[in-house]
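Worksheet: the structure to be examined is printed underneath.
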Amino acid sequence: MRFYFPDSQDLVSPTYDFQRDEYSPLRVRQRDDRYAHEVLEEHPYHGLLVSKSIVDGSIRGAGKYTGAQRARLYRLGVREFFRLTPELVTLGDNGAFNYADELVPPVNVDETLDFYEGCGFDAGVSVDHIIFGYAPEADFNTVDPAWAQRRLLTLRLAEEFITRVADRGTDLEPVGAAQGWSPTSYADSVKQLQAFGYRRIALGGMVPLKTRQIVECLEAIDGVRAPETEFHLLGITRVDSMGRFAEFGVTSFDSTSAFRQAFMDDRLNFHTRDEAFVALRVPQVDGNPTLRRAVLAGRVSQRDAVSGERECLRALRAYDGSESSMREALAALARYEMICQSKKSYLSQYERTLRAAPWASCSCSICRELGIEVAIFRGTERNKRRGFHNLSVLAHKIQNLARPHPTEESHG
């Protein structure tokens with residue numbers, strides 16, 4: 001099973017000063033900052049997925065790349081730009097989520113192939129249009145006409161895509177995009193894509209589905225799947241179910257879930273192989289937008305906030321697992337919650353995190369280097385490193401895939 005990490009220009013600075021929360025004045029982001037595969041001793045993914053909309057922008061506006069970064073990617077190519085080692089592979093797509101509200105995709109096949117070839121991708125997904133909905137009982141005549149139109153458009157573009165790949169004589173591996181709203185419609189899409197010549201197919205639009213619904217679709221697809229056809233699940237993690245998915249020809253997937261949970265989730269911030277923990281929230285007085293607005297509005301005392309922030313960091317860095325240091329750290333966190341007028345208290349979860357001290361037993365290079373700093377919810381440098389740690393945990397889970405639980409229903 002291969003895991004692709006979707007790029008969104010997530011890097012960390014190796015020279016960041018955690019004691020002073022300062023960057024080096026000599027830092028040049030693209031030259032000096034590092035991707036997860038450069039920070040961790042073991043690669044946390046098998047390859048990168050890069051979306052055209054992230055690089056070039058889309059109908060919703062500019063992408064994640066500056067003009068200089070975009071030019072550099074096209075000039076150097078994807079492998080040199082990301083400083084990839086030979087074993088890491090690359091996959092391109094259009095980033096259809098970014099134009100999901102449009103009637104038709106704002107890009108055509110040749111523009112997409114120009115992106116894939118210009119950047120030197122190993123493989124590229126055909127242009128598709130997402131169907132956001134699941135109606136397993138609807139047939140081709142009773143389904144919402146807009147859904148039916150999107151599926152047919154995706155198939156037409158896939159046929160044009162593989163034809164243009166052949167015409168250009170490129171080395172790019174074509175990956176056909178399949179959309180649907182039911183097991184039957186997905187199976188028909190796969191059947192047609194195989195007839196076009198695809199032997200690698202990306203199944204899209206499944207992120208909102210429950211695991212049992214994905215399995216239902218894979219079971220239907222299995223009835224038409226050619227023995228050599230492999231499937232990629234777009235935006236799906238569900239690691240506990242990957243063993244089951246693999247039985248139906250799924251060989252790869254992509255997701256940012258484990259990384260983003262480090263700083264976007266309310267509770268599941270720090271992952272281990274068996275559970276997840278809340279990160280210790282110590283917002284920066286001069287860097288957290290919400291806290292900064294409260295200080296400027298006079299609702300929070302800047303002097304008290306700075307004092308509380310420093311005391312939290314001191315107490316957490318002094319934490320040694322003893323009950324006295326536990327009480328001191330929790331008291332400092334409680335005071336800072338009150339000073340910041342936090343809408344929600346995490347104190348009970350903080351105690352669980354501190355007692356477990358998961359960073360102390362983790363073998364990844366980030367935890368070994370930073371210790372408790374990686375568990376502190378505070379600024380992009382700590383938060384992204386915690387995300388990289390989560391990716392390393394995911395990598396170990398993928399290496400040890402187990403049979404799914406029959407009732408597993410998690411999203412991801």
Side-chain angles (χ1 to χ4, degrees), residues 1-16 27-51 54-55 63-65 69-70 72-93 95 116 119-125 173 232-237 239 242 251-263 270-273 359 362-370 373-374 380-401 412:
M1 188 66 66
R2 301 186 301 274
F3 168 55
Y4 290 78
F5 181 56
D7 166 63
S8 192
Q9 279 303 280
D10 294 304
L11 304 95
V12 296
S13 171
T15 59
Y16 186 78
R27 170 199 181 218
V28 177
R29 186 172 186 268
Q30 183 60 40
R31 181 194 68 194
D32 299 329
D33 287 9
R34 294 291 179 260
Y35 296 96
H37 58 270
E38 297 179 293
V39 173
L40 293 159
E41 292 174 341
E42 296 182 20
H43 293 332
Y45 36 71
H46 299 90
L48 287 179
L49 182 149
V50 184
S51 295
I54 292 292
V55 176
K64 295 286 187 179
Y65 283 54
Q69 287 174 323
R70 179 182 179 277
R72 191 168 184 271
L73 173 62
Y74 276 97
R75 184 175 72 254
L76 298 178
V78 66
R79 301 203 67 83
E80 187 174 348
F81 180 87
F82 287 102
R83 301 182 289 268
L84 299 177
T85 54
E87 63 269 25
L88 292 174
V89 293
T90 58
L91 175 65
D93 78 350
Y116 294 161
C119 296
F121 285 96
D122 297 312
V125 181
E173 179 187 10
H232 178 94
L233 295 180
L234 289 165
I236 302 292
T237 308
V239 177
M242 281 298 166
T251 59
S252 61
F253 67 99
D254 69 87
S255 175
T256 60
S257 179
F259 174 75
R260 290 175 63 83
Q261 281 182 331
F263 49 88
F270 191 107
H271 295 185
T272 69
R273 297 190 188 187
W359 57 87
C362 179
S363 62
C364 85
S365 56
I366 291 174
C367 289
R368 293 203 316 269
E369 177 186 350
L370 293 183
E373 296 283 354
V374 74
T380 187
E381 290 295 330
R382 289 177 181 80
N383 293 345
K384 286 187 176 181
R385 279 176 170 80
R386 189 167 56 256
F388 288 177
H389 156 84
N390 289 350
L391 289 177
S392 74
V393 174
L394 176 61
H396 283 289
K397 289 181 179 179
I398 295 170
Q399 292 171 7
N400 299 282
L401 285 176

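The residues of the chain are indexed from 1 along the displayed sequence.
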Spacing of [X] atom [atom1] and [Y] atom [atom2] [to the nearest 0.5 Å]:
{"X": "F388", "Y": "R34", "atom1": "CZ", "atom2": "CZ", "answer": "11.5 Å"}
{"X": "E373", "Y": "C367", "atom1": "CD", "atom2": "SG", "answer": "12.0 Å"}
{"X": "Q9", "Y": "Q30", "atom1": "CD", "atom2": "CD", "answer": "5.5 Å"}
{"X": "R386", "Y": "E381", "atom1": "CZ", "atom2": "CD", "answer": "12.0 Å"}
{"X": "S255", "Y": "L394", "atom1": "OG", "atom2": "CG", "answer": "8.0 Å"}
{"X": "I398", "Y": "M242", "atom1": "CD1", "atom2": "CE", "answer": "7.5 Å"}

> Checking side chain to side chain contact (heavy atoms under 4.5 Å, CB included) for the pair D254/H232: CA distance, chi angles, key distance, verdict?
Replying inline: CA-CA 8 Å; D254 69 87; H232 178 94; 2.7 Å; yes
Taking all heavy atoms of [X] and all of [Y], pick out the closest pair and write down the distance.
{"X": "R368", "Y": "C362", "result": "CG-O, 4.1 Å"}
{"X": "G120", "Y": "T90", "result": "O-OG1, 4.2 Å"}
{"X": "H396", "Y": "E42", "result": "CE1-OE1, 4.0 Å"}
{"X": "L88", "Y": "G47", "result": "CD2-N, 4.1 Å"}
{"X": "A36", "Y": "P44", "result": "CB-CG, 4.0 Å"}

Donor-acceptor pair, side chain of [X] and main chain of [Y], under 3.5 angstrom:
{"X": "Y116", "Y": "G92", "result": "yes"}
{"X": "N390", "Y": "H271", "result": "yes"}
{"X": "H37", "Y": "F82", "result": "yes"}
{"X": "S365", "Y": "V39", "result": "yes"}
{"X": "E38", "Y": "Y35", "result": "yes"}
{"X": "R79", "Y": "T85", "result": "yes"}

Does any part of the side chain of [Y], heavy atoms only, come nearer than 4.5 Å to the side chain of [X], both counted from C-beta?
{"X": "D33", "Y": "R27", "answer": "yes"}
{"X": "L48", "Y": "L84", "answer": "yes"}
{"X": "T272", "Y": "V393", "answer": "no"}
{"X": "L49", "Y": "F5", "answer": "no"}

> For residues Q69 and Y74, is any side-chain donor paired with an opposing acceptor at under 3.5 Å?
Replying inline: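 The criterion, which ignores hydrogens and geometry beyond distance, is not satisfied for Y74 and Q69.
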> Taking atom types as modelled, is there a side-chain donor on T15 or S13 under 3.5 Å from an acceptor on the other?
Replying inline: yes
>> Check this for me: R2, atom CZ, are more than 12 non-hydrogen atoms of other residues, nucleotides or ligands nearer than 6.0 Å?
In response: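 Check passes, neighbour count above 12.
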>> Counting the benzene-type ring for Trp, do F270 and H389 have ring centres under 6.0 Å apart?
In response: yes
> Do Y4 and F253 have ring centres separated by under 6.0 Å?
Replying inline: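 Ring-ring flag for Y4/F253: false, centres at least 6.0 Å apart.
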> Run the side chain to side chain contact (heavy atoms under 4.5 Å, CB included) check on E173 and L91 step by step: do they pass?
Replying inline: CA-CA 9 Å; E173 179 187 10; L91 175 65; over 6 Å; no
> Under the side chain to side chain donor-acceptor pair (under 3.5 Å) criterion, do D7 and Y65 qualify, and how do the steps go?
Replying inline: CA-CA 11 Å; D7 166 63; Y65 283 54; 2.7 Å; yes
> So K384 and F259, side chain to side chain contact (heavy atoms under 4.5 Å, CB included) or not? Walk me through it.
Replying inline: CA-CA 8 Å; K384 286 187 176 181; F259 174 75; 3.9 Å; yes
> What's the verdict on side chain to side chain contact (heavy atoms under 4.5 Å, CB included) for F3 and S252, showing C-alpha distance, side-chain angles and the deciding distance?
Replying inline: CA-CA 6 Å; F3 168 55; S252 61; over 6 Å; no
